[in-house]
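None of these values were measured; they are calculated from a predicted model. Positions are given from 1, in the same order as the sequence printed here.
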Amino acid sequence: MDAEHQAKSDSLSKLSGSAFDKAYVAAMVEGHQKTLALMQSEASGGKDADLKAFATKTAPVVQHHLEEIQKIQTNLK
C-alpha cells in the first residue's frame, strides 16, 4: 500500500459503528470520484488506443458505482 492508502486504512481501523460507516463511505466516494476523473481524462485524451478503449468502456461502470455509493452516503446522514 502506498502512504496515502495506508494512512486511510490506519484512520479507518480506529473507528467503529456509524463513525466507521460514514468515513468508509466517504473514502469510497472520494476514490470513485478520482477514478472516474482519470478514466474520463484517458477516454478523451489518451494516446494508447487500448488504454483509451478500456477507459471509454469502463468509465460508465465507475460512474454507476459512484452514484450508488453517493446514494448510500445520503442515507447515512
Side-chain angles (χ1 to χ4, degrees):
M1 239 186 291
D2 63 22
E4 176 188 356
H5 290 100
Q6 185 63 56
K8 195 165 293 203
S9 176
D10 293 345
S11 175
L12 287 171
S13 71
K14 297 174 185 169
L15 302 173
S16 63
S18 66
F20 173 84
D21 294 345
K22 288 176 183 177
Y24 179 82
V25 168
M28 292 300 100
V29 168
E30 179 185 352
H32 281 80
Q33 287 170 332
K34 287 180 179 180
T35 301
L36 181 59
L38 288 170
M39 292 283 183
Q40 290 171 331
S41 177
E42 186 62 34
S44 65
K47 306 291 186 223
D48 182 288
D50 291 336
L51 190 53
K52 186 173 182 172
F54 174 79
T56 300
K57 179 180 176 184
T58 307
V61 175
V62 175
Q63 176 69 48
H64 176 71
H65 290 177
L66 174 59
E67 291 165 3
E68 293 300 315
I69 197 67
Q70 286 172 326
K71 288 177 192 175
I72 291 169
Q73 187 176 45
T74 298
N75 290 329
L76 285 176
K77 293 182 180 178

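Take Q73 and apply the side-chain hydrogen bond (donor to acceptor under 3.5 Å, both in side chains) test, not counting sequence neighbours, and it matches no residue. Every side-chain contact (heavy atoms from CB on, under 4.5 Å) that A23 has, sequence neighbours left out, goes to L12, L15. Contacts of T56 classified as side-chain contact (heavy atoms from CB on, under 4.5 Å), with partners at least two apart in sequence or in another chain: A43, K52. Residues forming a side-chain hydrogen bond (donor to acceptor under 3.5 Å, both in side chains) with H5 (at least two apart in sequence, or on another chain): D2. L38 meets the side-chain contact (heavy atoms from CB on, under 4.5 Å) test with no other residue; sequence neighbours excluded. Partners of T58 by side-chain contact (heavy atoms from CB on, under 4.5 Å), not counting sequence neighbours, listed by chain and number: M39, F54, V62. Scanning for side-chain hydrogen bond (donor to acceptor under 3.5 Å, both in side chains) contacts around K22 gives an empty result, with sequence neighbours left out. Remark: K71 engages E68 in a side-chain hydrogen bond (donor to acceptor under 3.5 Å, both in side chains) (not counting sequence neighbours).
Of the possible donor and acceptor atoms, one in the side chain of T74 sits under 3.5 Å from a partner among the backbone N and O of Q70.
Applying the ring pair (Phe, Tyr, Trp, His ring centres under 6.0 Å) definition to pairs two or more places apart or across chains, those involving residues 6-29 are F20-Y24. Residue pairs meeting the side-chain hydrogen bond (donor to acceptor under 3.5 Å, both in side chains) criterion with at least one member in residues 28-42, sequence neighbours excluded: E4-K34, K8-E30, E30-K34. Counting only residues at least two apart or on different chains, no salt bridge (charged side-chain N to carboxylate O under 4.0 Å, His left out) pair has a member in residues 9-21. The salt bridge (charged side-chain N to carboxylate O under 4.0 Å, His left out) analysis of residues 54-67, with sequence neighbours excluded, yields no pairs.
Taking both residues in full, the closest heavy atoms of L76 and V25 are given as CD1-CG2, 3.6 Å, listed atom of the first, atom of the second, then distance.
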